[in-house]
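Just so you know, these numbers use all the heavy atoms, side chains as well, and skip hydrogens, waters and symmetry mates. The chains referred to below are lettered A, B, ... by the order of the sequence lines, with proteins before strands, and numbering in each begins at 1. Keep in mind that what you see is a predicted model, and the values were worked out from it rather than measured.
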Protein chains: 2
Amino acid sequence: MQSFTEENYLKIIYHLAENTGNVQTNAIAEQMQTKPASVTDMIKKLAEKGFVDYIKYQGVTLTEKGRNAAIEIVRKHRLWEVFLVDKLNFKWDEVHDVAEELEHIKSTALIERLDEFLGFPKSDPHGDPIPDKNGRFAKTQFTKLIDLKIGDQGTITGVSQHSSAFLKHLEKLGLTLGKQIEINDVTDFDGSVEILIAGKQINISREVAKHILTSSNGKN
Amino acid sequence: MQSFTEENYLKIIYHLAENTGNVQTNAIAEQMQTKPASVTDMIKKLAEKGFVDYIKYQGVTLTEKGRNAAIEIVRKHRLWEVFLVDKLNFKWDEVHDVAEELEHIKSTALIERLDEFLGFPKSDPHGDPIPDKNGRFAKTQFTKLIDLKIGDQGTITGVSQHSSAFLKHLEKLGLTLGKQIEINDVTDFDGSVEILIAGKQINISREVAKHILTSSNGKN
DNA sequence: AATAATTTTTAGATTTACCTAAAAATATAA
DNA sequence: TTATATTTTTAGGTAAATCTAAAAATTATT
Ligand SMILES: [Mn+2]
Ligand SMILES: [Mn+2]
Ligand SMILES: [Mn+2]
Ligand SMILES: [Mn+2]
């Protein structure tokens, strides 16, 4: 049984490893909002417990055991987010902090019954995939909106930025999950993107376009 | 903002104070499954923070602030228990431990929306009253089954013992909340009670009868 | 390859929530 | 009311997770 702190480290190492292979001490420290010296201490403990492989000065990688533990936490986090949005009518920008707490509740029965209660959802309110109880994710593939070409159509399936500010912004623009869009133009000047959404044409910044994920339907 | 530990102390002091006025160090230690010396440490901290009034060697009493904090935790605990039973199909003997964890989740929005989602329940799966968001309890009054006289009728409205063993036992006997009962006889030998429940006559021990709470309908 | 910059680790403290053992205060009994 | 028992507190310490400052290792730059 791991402490909340250990669980948070595992989750963060897992997410950092999705991008890069070896996870660096400083990167963990930044995510955990703590100091590198503290991370080194915790890394040693996690290595001791068999959750990570660790070579001094070389960063860490999750072991099989560590990966499973991390995925379990991700699963809980995302299921609770679904609960908050689907059942308690939270907005998608309001759920993350509460889920950060709920993800640490220790009860296998609880999470399995919650999963069932929610109808075994495959993705969370931000489009992120929810692993099943065996830790398996449904295959997901997406194209960043920024990478679509003029004339391409697609459906919004996720976001790669979870800040409340960003999500509220999308909400206001009507850019929510499941919406159909089409790329009308890309502005030379600032790289902003003209898109067609629900019959209306709007302009979104490059920065916003980078963090919207779509399932492209290819050219129209 | 209090730590989990502080919250648990407050809750336990609150429950102990329901019976006796001043709460003693040893009583708290027993409930917290810790040592009296540790309790003294924590008591000082809680007094420092204004949650309890404390005079050395004289035990503690909750301040207004402390009482409110404690009631908030009780409210969360009981609402989560309702959620687990009503929505996730947990049995009434399975919910306590999970609720012990869930009660510490810090989000006012969460608990208010949960309350609404559950239909503003007035009591939890064990018949214990749920305070509203202002900390007010619906008036409850009950008669212990053991105190009913032969011929009295009543409805089971609660239990004063929450152990899984006891609750499972009641379940097996069909003695669940809302059931109508009638006292047929009291055995001289061991004080056990003969009751009529759902048309069947059963015998329950004095110990069991002590912990069943009823709303007596008076004599039949 | 030597130097500079960056990253990571160690050393030594701090805080929180515990603990044991012994002292002090209070309550009970003779 | 003195002696005994119980309760409570103090004193001093431990373990987990953090910190700062300084040393060591690695990586990047000239
Ligand atoms: Mn989240
Ligand atoms: Mn999410
Ligand atoms: Mn309970
Ligand atoms: Mn209860």
**Asked** Rounded to the nearest Å, what distance is computed from the CD1 atom of residue A:I55 to the C1' atom of nucleotide C:dT9?
**Response** 15 Å
**Message:** Does C:dT10 have OP1 or OP2 under 4.0 Å away from a side-chain N or O of A:K56?
**Reply:** yes
**Message:** What is the separation between atom CG on B:N8 and atom C1' on C:dC18, rounded to the nearest whole Å?
**Reply:** 14 Å
**Message:** Side chain of A:Y9, heavy atoms from C-beta onward: which of C:dT10, D:dT9, D:dT18 has the nearest atom to it?
**Reply:** D:dT18
**Request:** Ignoring backbone atoms, test whether A:Y54 places a side-chain nitrogen or oxygen under 4.0 Å from the OP1 or OP2 oxygen of C:dT8.
**Result:** no
**Request:** By nearest nucleotide on DNA chain D, pick out whichever of A:Y57 and A:D41 is the more 5' one.
**Result:** A:D41
**Asked** Just how far, in rounded Å, is P of C:dC19 from CE of B:M42?
**Response** 11 Å
**Message:** Distance alone, cut at 3.5 Å: any donor-acceptor contact between the side chains of B:S205 and B:E207?
**Reply:** no
**Request:** Evaluate the ring planes of A:H96 and A:H162, with Trp represented by its six-membered ring, and classify them as parallel (under 30°), tilted (30 to 60°) or perpendicular (over 60°).
**Result:** tilted
**Length of the line joining B:Q58:CD and C:dA24:P, which is rounded to integer Å** = 19 Å
**Message:** With a 4.0 Å cutoff (strictly under), does any side-chain N or O of A:K44 reach OP1 or OP2 of C:dT10?
**Reply:** yes
**Complete:** Contact check, residues 21-35 of chain B vs DNA chain D, heavy-atom distance under 4.0 Å, returns B:Q24, B:T25, B:N26
**Request:** Have a look at B:F4 and say if it touches a base, only the backbone sugar-phosphate, or nothing, with a 4.0 Å heavy-atom cut-off.
**Result:** nothing
**Item:** Minimum-distance pair of heavy atoms, taken over all atoms of B:T157 and B:F142
**Value:** OG1-CB, 4.3 Å
**Request:** Under 4.0 Å between any heavy atoms, over every strand shown, what does A:T40 touch: base, sugar-phosphate, or nothing? Just pick one.
**Result:** base
**Sub-4.5 Å side-chain heavy-atom contact between B:S192 and B:V186** = no
**Asked** Checking B:E112 side chain against B:K133 main chain: does a donor-acceptor pair fall under 3.5 Å?
**Response** no
**Item:** D:dT18 OP1/OP2 closer than 4.0 Å to side-chain N/O of A:S38
**Value:** no
**Prompt:** Is any side-chain heavy atom of B:K144 less than 4.5 Å from a side-chain heavy atom of B:L213?
**Reply:** yes
**Request:** Could you tell me whether B:R78 and B:E81 make a salt bridge, using a distance below 4.0 angstrom between a side-chain N and a carboxylate O?
**Result:** no
